[in-house]
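Because only heavy atoms are used, hydrogens play no part in the values below, and waters and symmetry mates are left out as well, while side chains stay in. Chain A is the first sequence line, chain B the second, and so forth, proteins listed ahead of strands; every chain is numbered from 1.
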Amino acid sequence: MPELPEVETVRRGLAPWMEGQVFAAVKVRVPRLRLPLPDDLGQRLTGRRIGVLGRRGKYLLVPFEGDEVLVVHLGMSGRMTVNHEPEFAPGRHDHVIFDLAGGEGHPSTTRIVYNDPRRFGLMALCPADLLETHPLLARMGPEPLDPAFDGAMLEGALKGRRGPIKGALLDQSVVAGIGNIYACEALYRAGISPRRKAMTIAGARARRLVEALKSVLEDAISSGGSSLKDHRQPSGELGYFQHNFAVYGRAGLECPECTCEIGETGGISRLVQSGRSTFFCPRRQR
DNA sequence: AACAAGACCTGCATGC
DNA sequence: TGCATGCAGGTCTTGT
């Protein structure tokens with residue numbers, strides 16, 4: 001599910017409920033996600049005050065008292081939602097429940113529910129000062145929305161890469177946070193074929209791709225992310241950027257910018273690269 | 001070193 | 001109705 005915009009939406013949705021609050025209890029119902037949860041997760045968190053939520057690529061960062069950070073990845077199907085029901089009966093895939101102590105101006109019952117049917121997500125604990133060297137984060141590339149991320153930086157990261165640009169964009173060491181949807185959408189906005197050799201993206205073309213990445217991510221964040229099957233904002237609301245997809249999931253449909261008839265171009269095409277669907281407009285993307 | 005394929009899981013749509 | 005198949009937003013590991 002969640003690529004950078006969805007994780008950022010989750011971060012923004014959780015922040016007002018979590019920041020400055022204290023973990024009152026942590027209930028682990030299913031301890032095995034993609035990695036086993038730390039077995040002392042509850043002990044380590046209980047009684048600790050939560051700091052300012054952060055994000056690195058697709059990872060949500062929850063710092064807490066004692067200079068430690070709870071690192072959360074939502075995998076393909078993970079959600080974190082806020083719940084205030086006095087009597088809460090956990091659902092089938094509600095694996096971890098964080099009860100928060102009600103602070104001033106907060107309801108007495110607030111809990112954060114981590115739900116993940118496919119269990120591809122993970123949680124880890126890390127000392128705050130070692131975050132950048134943690135094995136999960138150490139090889140992560142630049143943040144695409146960082147102003148320092150520009151054409152030259154992308155061009156450098158793509159040097160020596162003979163494979164298709166689509167695959168390179170999914171490599172988190174090239175640029176952080178891009179997944180299958182936004183790789184397709186950014187290549188469309190930049191007018192670049194997903195099959196183009198990554199190393200041929202340089203100069204103005206690299207700048208175009210960087211701008212496309214930034215704009216599509218910003219637009220998606222503004223829409224609360226994309227809800228296909230799983231993504232929900234922490235409030236339970238859907239995201240709605242999926243209504244703005246130009247190519248993703250739109251095989252055979254008309255390209256929003258091509259005015260000719262579908263019969264002439266076949267519309268949006270689908271192909272499989274490294275086992276993953278790629279959607280693109282063969283007419284506009286070269 | 002870069003790249004592709006397989007593995008990890010459940011749920012859903014589709015077709016027979 | 002049941003059952004098989006294929007597909008899904010990720011990424012780690014393995015092998016070429």
- Task: Kindly write out the residues that satisfy side chain to side chain donor-acceptor pair (under 3.5 Å) with A:E132, not counting sequence neighbours, or none if the list is empty.
- Result: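 For A:E132 there are no side chain to side chain donor-acceptor pair (under 3.5 Å) partners, ignoring immediate neighbours.
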Distance in angstrom units between [X] [atom1] and [N] [atom2], rounded:
| X | N | atom1 | atom2 | answer |
| --- | --- | --- | --- | --- |
| A:Y248 | C:dC7 | OH | P | 12 Å |
| A:L33 | C:dC12 | CG | P | 15 Å |
| A:L137 | C:dC12 | CG | C1' | 14 Å |
| A:L170 | C:dC12 | CG | C1' | 15 Å |
| A:I181 | C:dC7 | CD1 | P | 17 Å |
| A:M140 | C:dC12 | CE | P | 9 Å |
| A:H134 | C:dC12 | NE2 | P | 11 Å |
| A:L74 | C:dA8 | CG | C1' | 16 Å |

- Message: For the aromatic rings, using the six-membered ring if either is Trp, is the centroid distance between A:F23 and A:F98 under 6.0 Å?
- Response: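 So the answer is yes for these two rings.
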- Residue closer to the 5' end of DNA chain B, A:H93 versus A:R34 (nearest nucleotide):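 Whichever sits nearer the 5' end wins; that is A:R34.
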- Watson-Crick and G-U pairing of DNA chain B written in dot-bracket, each distance under 3.5 angstrom, with | for inter-strand partners: .|||||||.|||||||
- Using a heavy-atom cut-off of 4.0 Å to chain A, what are the terminal contacting nucleotides of DNA chain B, in 5' to 3' order?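 For DNA chain B, the relevant span reads B:dC3 to B:dG11.
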- Task: For B:dC9 and C:dC3, measure between their P atoms and round to the nearest Å.
- Result: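 Here B:dC9 and C:dC3 have their P atoms 23 Å from each other.
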Select base, sugar-phosphate, or nothing to describe what [X] touches, counting heavy atoms under 4.0 Å on all strands.
| X | answer |
| --- | --- |
| A:R276 | base |
| A:Y59 | sugar-phosphate |
| A:Q273 | nothing |

- Query: Is a side-chain N or O of A:Q273 found less than 3.5 angstrom from the main chain of A:T278, in a donor-acceptor match?
  - Reply: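 No, A:Q273 side chain to A:T278 backbone: no donor-acceptor pair under 3.5 Å.
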- Under the side-chain contact (heavy atoms from CB on, under 4.5 Å) criterion, do A:D219 and A:R189 qualify, and how do the steps go? CA-CA 12 Å; A:D219 290 351; A:R189 287 193 184 196; 2.8 Å; yes
- Message: Regarding A:N115 and A:R79, do their side chains bring together a donor and an acceptor under 3.5 Å, going by distance alone?
- Response: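 Distance-only check fails for A:N115 and A:R79.
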- Query: Does the side chain of A:H73 get closer than 4.0 angstrom to OP1 or OP2 of C:dG10 through an N or O atom?
  - Reply: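 No, no such contact exists.
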- Message: Check for me whether A:R250 meets the cation-pi criterion with A:F279, that is, NZ or CZ under 6.0 Å from the six-membered ring centre and within 45 degrees of the ring axis.
- Response: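 Judged by the rule (NZ or CZ under 6.0 Å from the ring centre, within 45° of its axis), A:R250 is not positioned above A:F279.
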- Salt bridge A:R11-A:E8, side-chain N to carboxylate O under 4.0 Å: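 Yes, this pair counts.
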- How many angstroms lie between atom CG of A:L187 and atom CG of A:L209, to the nearest 0.5 angstrom?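 Spacing of CG (A:L187) from CG (A:L209) equals 6.0 Å.
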- Item | Student check: side-chain heavy atoms of A:R119 and A:R34 closer than 4.5 Å |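 Sidechains of A:R34 and A:R119: no contact.
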